[in-house]
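Letters A, B, ... are given to chains in the order of the sequence lines, protein chains preceding strands, and every chain is numbered from 1. Predicted model, so just to flag it, every value in this text is computed and none were measured.
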Amino acid sequence: MGQSKLYLEDHFPSPVKHTWIEFRRNHVSIIGLWIFLFFVAVIVFAPGIAPFSPTEQNTDVILLQPAWDNSGTIVHLFGTDSLGRDVLSRVIHGSRVTFGISILIVLIAMLVGFSLGAFAGMGHGLRASVLNHLLDAIMVIPTLIIAIIIVAIFGTGLTSCMWAITLSMIPKFIHLTRDLVRNACHMEYVTAARLDGASNTRILFDSILPNMIEPLVVNGTFALSVAILELSALGFLNLGAQAPTAELGAMLSDGLEVAYIAPWNIALPGAAILLMLIAVNLVGDGLRTALRNRLQQ
Amino acid sequence: MIAYLLRRLNLFVVTIFVVTLATFALNYLFPGDTLENLSGISSHQTAEYNQIVQYHGFDHNIVYQYGMYLQHLWKGDWGISSSSGNDIVEEIKLVLPATLELSVYAMVLSLFIGIPFGFWAGLRHRRPIDLGILSASVLGYSIPVFWLALLLILFFALQLGWLPMSGRISLLYDIPHYSGFILIDILKSDIPNKQDALSNAIRHMILPTLSIALVTATIVIRITRRSVADVMQSDYIRAALARGLTRPQVFWRHGLRNTLLPILPQLVLQFTTLLTNAMIVEVIFSWPGIGNWLMQAVYVQDFPAIRGGVLAVSIVVIIFTLLMDIVLRVINPLKNRDIHGTI
């Protein structure tokens, strides 16, 4: 803060910047953000970082211990699995699949949820009411059940699971958007815009949306943690990614067969999921606190 | 109140209707023959074929078929499982109580862990103890439930050998089926080694219950802590303190009830998550519940069973939500405004 204040001038940061300043004050959240960025880097550069191919089977070294164990080697830092595949490479590629697809899921759910929610929030009467009741009905059904239905119809696979989680997530975003839009509609700045003759679309995008971005992002991070959890859970239950694909949940269920003699095969992928979730949850918590602090001022 | 109940009941009927419609549509959406998906009987050439067609109304239009479907559901005829050939309702009657038992114990345990810790953290807001509990809860909140279950098995069952790793009770005991809740069934039964059976069942129950309860407890802690912190910062608490009441007095007279009210609806929302976790954990511990049963049905593509299981779980969740809504409304009449305020 080398800036000297020459004039008695009040500094008003923009809302987003204000939230960022509040967010930055919490060191734990910043650590979370760094881990988050680390995983983003892993997603982008996975093929470059991983020492081996995730599917390459090296039959000479089956179930090799991790490097920190006495019999481990530095070549296979995290050891190898029952088919002689390098666990580190698989964890890196698995993180890419799990984390990357979860982000995709949240983005799609957010986009669809926002559009439908805006429709329900701006609209009145029967249409909106029917939509709400239908949503309430979908919202109570557990994701696992929706996933089971979709998998039963389309067969197991990553794509089926992706759609299942997206589908179960959309109602939450619709609810959120609808409530935010409906609250914003009573605000004076919206009335002012309406008196100026702005159309509904214009009000939505110019007056309401800028105020909605932060709550949407906060909920997006929480949705991301749910998406990671559910995607890996479905992978673990063999409904999601199938055998050769490196996905963290599927790796866990592969490691189950050798859990007793090679516990690192379930410890390490699980730890990767854990770290990912901690990062996402810390960022989400930090953002939510920052947002609350800003709104309280 | 009556208007409220009617409104709720209306919503309940509509939701159930939507769910039955959806499960009926599943028969058409699932791969394979619709009639086979509906009845679970694969008999195209047999003499019974015409009888089945007639029974399910497949010689009429789709609306009539749906009517027949509803009628059969109501009579308790949900078709037969295409893999085991048993009646689906009978199978669900066996597996659903096991899941509910697990969920109920996990829920009670998580409340017993979560609420005291939540209060402790909330009352010491932004002090070291609060930060400690909060960090532990972030950690717990981030642990995937299936991984936690595996670690518990690895440690307590395989490494130490203290607890059994799968199943519900040792096969040595033959417990007659009565309510489906195994502890109640054992107590009701008149088998010779009642005490041993009871302790055996409890030992089987510890690990699955613990893995679900730990994950749920962290959420309970977060919800409770937030609510307590918010209430303890509010004006009426400060006013009470200013009048010279001691902190315990303020908390017991003004704090407690006001903190519990906002917690309850949020806890109810966690039931779905809890049930999902229970269904996942069942698969790991081979617990004979509906989650395990449904997964087996998915692996062998037993479509009538999938449809029945989905319907059963949905109905349980919907009934639970409805009951809790009414209970909350009785406890907290202020909620009245919500239902009138929104469309």
Side-chain angles (χ1 to χ4, degrees), chain A residues 28 32 120 124-126 128-129 132-134 136-149 151-156 179 182 225-226 228-230 232-234 236-239 248-249 252-253 255-256 259-260 263 266-267 269-271 273-282 285, chain B residues 10-11 14-19 22-23 26 29-31 131 134-135 138-139 141-148 150-151 153-155 158-159 222 269 271-277 279-280 283-284 291 294-295 297-299 301-303 306-307 309-311 313-314 317-318 320-322 342-343:
Chain A
V28 184
H124 292 284
L126 192 64
S129 184
N132 288 345
H133 281 314
L134 268 180
D136 287 340
I138 301 177
M139 255 175 82
V140 295
I141 311 296
T143 317
L144 188 61
I145 293 292
I146 298 182
I148 286 176
I149 295 174
V151 164
I153 297 174
F154 296 106
T156 53
D179 291 349
R182 198 162 277 165
S225 95
V226 174
I228 295 175
L229 210 58
E230 277 168 358
S232 48
L234 293 175
F236 177 76
L237 294 174
N238 284 327
L239 298 181
L248 293 175
L252 271 177
S253 86
L256 216 53
Y260 195 52
I266 60 172
I273 305 178
L274 177 68
L275 199 63
M276 223 179 257
L277 287 171
I278 289 181
V280 173
N281 285 334
L282 283 180
D285 274 354
Chain B
N10 184 21
L11 192 62
V14 170
T15 319
I16 293 282
F17 181 74
V18 170
V19 170
T23 50
L26 283 183
L29 293 173
F30 282 147
L131 292 180
L134 191 64
S135 333
V138 170
L139 185 69
Y141 184 60
S142 308
I143 295 183
V145 68
F146 46 96
W147 193 54
L148 181 67
L150 288 180
L151 291 186
I153 288 184
L154 268 186
F155 191 67
L158 291 177
Q159 206 83 25
R222 290 157 68 92
L269 285 181
F271 179 73
T272 325
T273 322
L274 184 102
L275 200 65
T276 311
N277 284 342
M279 291 184 358
I280 295 173
V283 178
I284 301 172
L294 258 177
M295 293 315 299
V298 172
Y299 295 148
Q301 304 214 318
D302 182 350
F303 296 117
I306 296 177
R307 174 172 47 76
V310 164
L311 192 61
V313 174
S314 310
V317 174
I318 291 167
F320 178 82
T321 324
L322 174 84
T342 54
I343 308 165

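- A:S253 OG to B:F146 CZ: the interatomic distance, rounded to the nearest 0.5 Å, is 10.0 Å.
- Among A:S225, A:S232, A:G249, the residue with the largest count of heavy-atom pairs under 4.5 Å with chain B is A:S232.
- Using a 4.5 Å heavy-atom threshold, the side chains of A:F236 and B:L150 count as touching.
- Only the side chain of A:L239 comes within less than 4.5 Å of a heavy atom in chain B; its backbone stays farther off.
- Highest contact tally toward chain A, considering only B:T321, B:L275, B:L26, B:T23, is held by B:L26 [criterion: heavy-atom pairs under 4.5 Å].
- Here the CD1-OG distance, from A:I273 to B:S142, works out to 11.5 Å after rounding to the nearest 0.5 Å.
- In this structure, chain A has no heavy atom under 4.5 Å from any part of B:F320.
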Task: Audit row: B:I280, A:L144, side chain to side chain contact (heavy atoms under 4.5 Å, CB included) steps and yes/no - done: CA-CA 9 Å; B:I280 295 173; A:L144 188 61; 4.2 Å; yes
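- Residue A:L277 holds its CG atom at 10.5 Å from CG of B:L139, rounded to the nearest 0.5 Å.
- Remark: side-chain polar atoms of B:W147 are not paired, donor with acceptor, to backbone N or O of A:P269 under 3.5 angstrom.
- Annotation for B:P31 and A:A152: closest pair CD-O, 3.5 Å, computed over non-hydrogen atoms.
- Heavy-atom distances place no part of B:F271 under 4.5 Å from chain A, backbone and side chain included.
- With a 4.5 angstrom heavy-atom cutoff, B:I306 touches chain A only via side-chain atoms.
- For A:A279, no part lies near chain B; criterion is any non-hydrogen pair under 4.5 Å.
- Between B:P144 and A:L229, the shortest heavy-atom distance links the atoms CA-CD1, 3.6 Å.
- Considering CD1 of A:I145 and CE of B:M279, their distance stands at 4.0 Å, rounded to 0.5 Å.
- Distance CZ/B:F30 to CD1/A:I149: 6.5 Å, rounded to 0.5 Å.
- The parts of B:I143 that come within reach of chain A are both its backbone and its side chain, each placing non-hydrogen atoms under 4.5 angstrom from that chain.
- A:I146 does not touch chain B: none of its heavy atoms, backbone or side chain, sits under 4.5 Å away.
- In this structure, CG on A:L237 lies 7.5 Å from CD1 on B:I284, to the nearest 0.5 angstrom.
- Within the 4.5 angstrom heavy-atom criterion, only side-chain atoms of A:D285, from C-beta onward, approach chain B.
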